[in-house]
S.K.: 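Got a structure here, written out as structure tokens. Questions coming.
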Amino acid sequence: MKKVAILGSTGSIGCSALDIIEKNPERFQIVALAAGKNIKLLKEQIEKFQPKQVAVSSKDNVYKLRETLTAKSKVKIFHGEEGIKKIASYSSADIVVSAISGAAGLLPTLAAIEAGKDVALANKETLVLAGEIVTKRAVKKGVKIIPVDSEHSAIFQCLEGKKKENLRRIILTASGGPFLDFTKSELKKVSLSQTLRHPRWKMGKKVTIDSASLMNKGLEMIEAKWLFNLDFSAIDVMVHPQSIVHSMVEFNDGAFLAQIGVPDMKIPIAYALTYPERIVNDVTPLNLLKVQKLEFYKPDIKKFPCLNIARDAGICGGTAPAVLNAADEVAVNAFIQKKICFADLAKIIEKVLNVHDVVCNPSLNDILQADSWARTETEKIIERMVR
Ligand SMILES: NC(=O)c1ccc[n+]([C@@H]2O[C@H](COP(=O)([O-])OP(=O)(O)OC[C@H]3O[C@@H](n4cnc5c(N)ncnc54)[C@H](OP(=O)(O)O)[C@@H]3O)[C@@H](O)[C@H]2O)c1
């Protein structure tokens, strides 16, 4: 029986992970959950899975949760960053699903690693911000970081048992999002609801908007660099609208391996939870005869500049990826609040990166400071734009 803690249990990945766990009661037990502010859903999860400990983002949410739970509920409730770190390092857990969205996932994920827990990693921001620190700590602690992101899970599966020196490159595939066929001028007019209508994947708002701008693929390049210890010259991106090939690797003898399947996050989540085993699931089987064609295109970086902005920040390294991520989080939030338009995202993020003094070989503290600086700087830029 594997004991599981989920950080971000009320989100898209968290709910899919719980669905897998509910259907496999002989394999998994939920021991701890952490969420932000969706108290109604967290209460339902507590009643169904009976975790020993939970955490929510604030003290107010502790009161709200207490009010909704029955008096006999024995669940321990923590709050804030320290509370979420407690859930991440809970002694009873064997594996921690890291599925909080954004930079808020970094410190809890590091806490899980410090506590010697294997991590099923969905929170790509952990590696974008602090890939070097996190991967070194994982090696030192002897814990596994198993990717949940479908592209990285695909690469992870293709590389299993292979020699790193035989690898020529990896190719991350991108659906291209809802605006693949839009012109540059059409992109200036897209609405929030259009942006949130992803053609293939059902995900949280932030990652859906990042998918539409291709920022998500840029963040994934940085994530892949750290997960697989690669130079950016060995990481390529191809647009593949069908989202059947989840990613590929090319070896130096010219052989390619690809991992394919229907676009359903339950496949990589289940694999991360059961690795190296596989379990039967209820995902609709892939019917290639129905899919018929698999297309691949070069990404259009003129239309989707975020991809190269992210890649350049990754190549620059130091605190640049943390600044990229923070600027993107603030800009995406402003887009959700309809303060800025879709085409502003790239311009704002680039402006912030241009005025940042990069710290090389940063400490965790340098990274957190850069994150905080970038948030303030991005807000100032947005204020000036909307004035
Ligand atoms: N969704 C996908 O298919 C997918 C695929 C690949 C990778 N990922 C990655 O997985 C991560 C999660 O994505 P998602 O789509 O599941 O996001 P989501 O649906 O927006 O869910 C985010 C989760 O994080 C919680 N949360 C946010 N801020 C928090 C904070 N400060 N403290 C505690 N909890 C907090 C939310 O809680 P409340 O809702 O209760 O506030 C929610 O449970 C992201 O890093 C994303 O890039 C997602």
Side-chain angles (χ1 to χ4, degrees), residues 1-101 104-105 108-109 111-112 115-123 146 148 202-204 264-275 277-283:
M1 177 78 75
K2 212 175 238 185
K3 295 185 172 152
V4 185
I6 301 186
L7 314 178
S9 65
T10 49
S12 160
I13 294 285
C15 289
S16 296
L18 284 171
D19 191 54
I20 294 163
I21 287 165
E22 188 183 0
K23 289 183 176 127
N24 293 278
E26 69 298 342
R27 279 184 173 270
F28 304 112
Q29 183 194 352
I30 285 292
V31 291
L33 298 174
K37 40 187 189 287
N38 189 343
I39 300 308
K40 189 169 172 279
L41 182 54
L42 182 61
K43 179 213 175 217
E44 288 168 22
Q45 294 176 345
I46 292 170
E47 285 172 353
K48 191 181 274 180
F49 294 96
Q50 301 285 318
K52 302 264 185 295
Q53 302 193 342
V54 299
V56 287
S57 56
S58 68
K59 204 160 190 177
D60 273 0
N61 287 327
V62 177
Y63 298 136
K64 282 186 197 154
L65 183 59
R66 272 267 166 254
E67 270 171 26
T68 67
L69 292 171
T70 59
K72 61 178 192 226
S73 172
K74 290 204 179 72
V75 67
K76 271 194 181 170
I77 308 175
F78 302 100
H79 70 273
E81 193 176 276
E82 285 312 308
I84 306 214
K85 280 159 68 179
K86 271 206 171 91
I87 299 301
S89 52
Y90 182 38
S91 58
S92 295
D94 302 311
I95 186 163
V96 175
V97 178
S98 167
I100 285 178
S101 53
T109 308
K117 312 289 175 193
D118 286 339
V119 175
L121 186 72
N123 179 265
I146 311 153
V148 165
K202 211 175 163 305
M203 309 179 284
D264 188 324
M265 284 307 293
K266 281 191 199 146
I267 299 174
I269 296 170
Y271 191 61
L273 285 171
T274 59
Y275 168 79
E277 290 173 41
R278 290 181 189 271
I279 48 169
V280 177
N281 65 25
D282 58 3
V283 170

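Values in this document were obtained by computation on a predicted structure and should not be read as measured data. Computed from heavy atoms alone, side chains included, the values below leave out hydrogens, waters and symmetry copies.
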S.K.: Return the CD1 to CG distance between Ile13 and Leu18, rounded to the nearest 0.5 Å.
M.R.: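 Reported value, rounded in 0.5 Å steps: 11.5 Å.
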S.K.: Is there side-chain contact between Pro51 and Gln45, with at least one heavy-atom pair below 4.5 Å?
M.R.: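 With C-beta onward as the side chain, the pair stays apart.
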S.K.: Indicate the atoms forming the closest heavy-atom contact of Ser89 with Ala111, along with that distance.
M.R.: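 In this case the closest contact between Ser89 and Ala111 is CB-O, 3.9 Å.
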S.K.: According to side chain to side chain donor-acceptor pair (under 3.5 Å), who are the partners of Ser58, at least two apart in sequence or on a separate chain?
M.R.: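 Expected list: Asn61.
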S.K.: Quick check: closest heavy atoms across Val31 and Ala5, and the distance to 0.1 Å?
M.R.: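 Closest approach of Val31 to Ala5: CG2-N, 4.4 Å.
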S.K.: Within the 4.5 Å heavy-atom criterion, are Thr274 and Phe28 side-chain neighbours or not?
M.R.: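 In contact.
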S.K.: Do the side chain of Lys117 and the main chain of Ala93 share a donor and acceptor less than 3.5 angstrom apart?
M.R.: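 Side chain of Lys117 to backbone of Ala93, a donor-acceptor pair under 3.5 Å: yes, one is there.
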S.K.: Could you tell me if the side chain of Asp94 sits less than 4.5 Å from the side chain of Asp118, heavy atoms only?
M.R.: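 Not in contact.
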S.K.: Mind checking the CD1-CZ spacing from Ile21 to Arg27? Nearest 0.5 Å is all I need.
M.R.: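 Between Ile21 CD1 and Arg27 CZ, I get 12.0 Å after rounding to 0.5 Å.
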S.K.: State whether Lys48 and Glu44 are salt-bridged, where the test is any N-O pair (Lys NZ or Arg NE/NH1/NH2 against Asp/Glu carboxylate O) under 4.0 Å.
M.R.: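 Salt bridge absent between Lys48 and Glu44.
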S.K.: How long is the straight-line distance from NZ of Lys40 back to CG of Leu42, given to the nearest 0.5 Å?
M.R.: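 The NZ atom of Lys40 is 12.5 Å from CG of Leu42, to the nearest 0.5 Å.
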S.K.: Apply the test side-chain contact (heavy atoms from CB on, under 4.5 Å) to residues Leu7 and Val97: give CA-CA distance (whole Å), side-chain angles for both, the deciding distance (0.1 Å), then the verdict.
M.R.: CA-CA 6 Å; Leu7 314 178; Val97 178; over 6 Å; no
S.K.: Step by step, work out the side-chain contact (heavy atoms from CB on, under 4.5 Å) result for Lys3 and Lys52.
M.R.: CA-CA 11 Å; Lys3 295 185 172 152; Lys52 302 264 185 295; over 6 Å; no
S.K.: Is there side-chain contact between Lys64 and Val56, with heavy atoms separated by less than 4.5 Å?
M.R.: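 A side-chain contact is absent here, since even the closest heavy-atom pair is not under 4.5 Å.
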S.K.: As an exercise, state the distance from CD of Glu26 to CD1 of Ile279, rounded to the nearest 0.5 Å.
M.R.: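 It is 8.0 Å, given to the nearest 0.5 Å.
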S.K.: Do Leu121 and Val148 have side chains that get closer than 4.5 Å, going by heavy atoms?
M.R.: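 Of all side-chain heavy-atom pairs linking Val148 with Leu121, none is under 4.5 Å.
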S.K.: Which is it for Ser73 and Glu47 under the side-chain contact (heavy atoms from CB on, under 4.5 Å) test, yes or no, and what are the steps along the way?
M.R.: CA-CA 9 Å; Ser73 172; Glu47 285 172 353; over 6 Å; no
S.K.: Name the atoms and distances for all side-chain donor-acceptor pairs under 3.5 Å in residues 77-86, with sequence neighbours left out.
M.R.:
from: Glu82; atom 1: OE2; to: Lys85; atom 2: NZ; distance (Å): 3.2

S.K.: Check Ser9 against Ala35 and note the closest heavy-atom contact, atom names and distance.
M.R.: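 Closest pair (atom of Ser9, atom of Ala35, distance): OG-CB, 4.1 Å.
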S.K.: Say you draw a straight line from OG1 of Thr109 to CD1 of Ile100; how long is it, rounded to the nearest 0.5 Å?
M.R.: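 Between atom OG1 of Thr109 and atom CD1 of Ile100 there are 7.0 Å.
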S.K.: Any chance you could lay out the side-chain contact (heavy atoms from CB on, under 4.5 Å) test for Lys23 and Asp282, step after step, and finish with the verdict?
M.R.: CA-CA 9 Å; Lys23 289 183 176 127; Asp282 58 3; 2.9 Å; yes
S.K.: Are Leu33 and Ile87 side-chain neighbours, meaning at least one heavy-atom pair lies under 4.5 Å?
M.R.: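 No. Closest side-chain heavy atoms not under 4.5 Å.
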S.K.: When you compare the side chain of Ile6 with that of Ile30, does any pair of heavy atoms fall below 4.5 Å?
M.R.: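 Side-chain contact under 4.5 Å: yes.
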S.K.: Drop me the distance from Asp60's CG to Leu65's CG, to the nearest 0.5 angstrom.
M.R.: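 If we round to the nearest 0.5 Å, Asp60:CG and Leu65:CG are 12.5 Å apart.
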S.K.: Has the side chain of Lys2 got a donor or acceptor atom that lies under 3.5 Å from a matching backbone atom of Leu273?
M.R.: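 Here the side-chain-to-backbone pair exists.
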S.K.: Determine, stepwise, if the pair Lys266 / Asp19 fulfils salt bridge (charged side-chain N to carboxylate O under 4.0 Å, His left out).
M.R.: CA-CA 9 Å; Lys266 281 191 199 146; Asp19 191 54; 3.0 Å; yes
S.K.: Do Phe49 and Glu22 make a side-chain contact, defined as non-hydrogen atoms from C-beta onward lying under 4.5 Å apart?
M.R.: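 With C-beta onward as the side chain, the pair touches.
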S.K.: Which residues pass the ring-ring contact (aromatic ring centres under 6.0 Å, His included) test with Tyr271, sequence neighbours left out?
M.R.: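 ring-ring contact (aromatic ring centres under 6.0 Å, His included) check on Tyr271 returns Tyr275.
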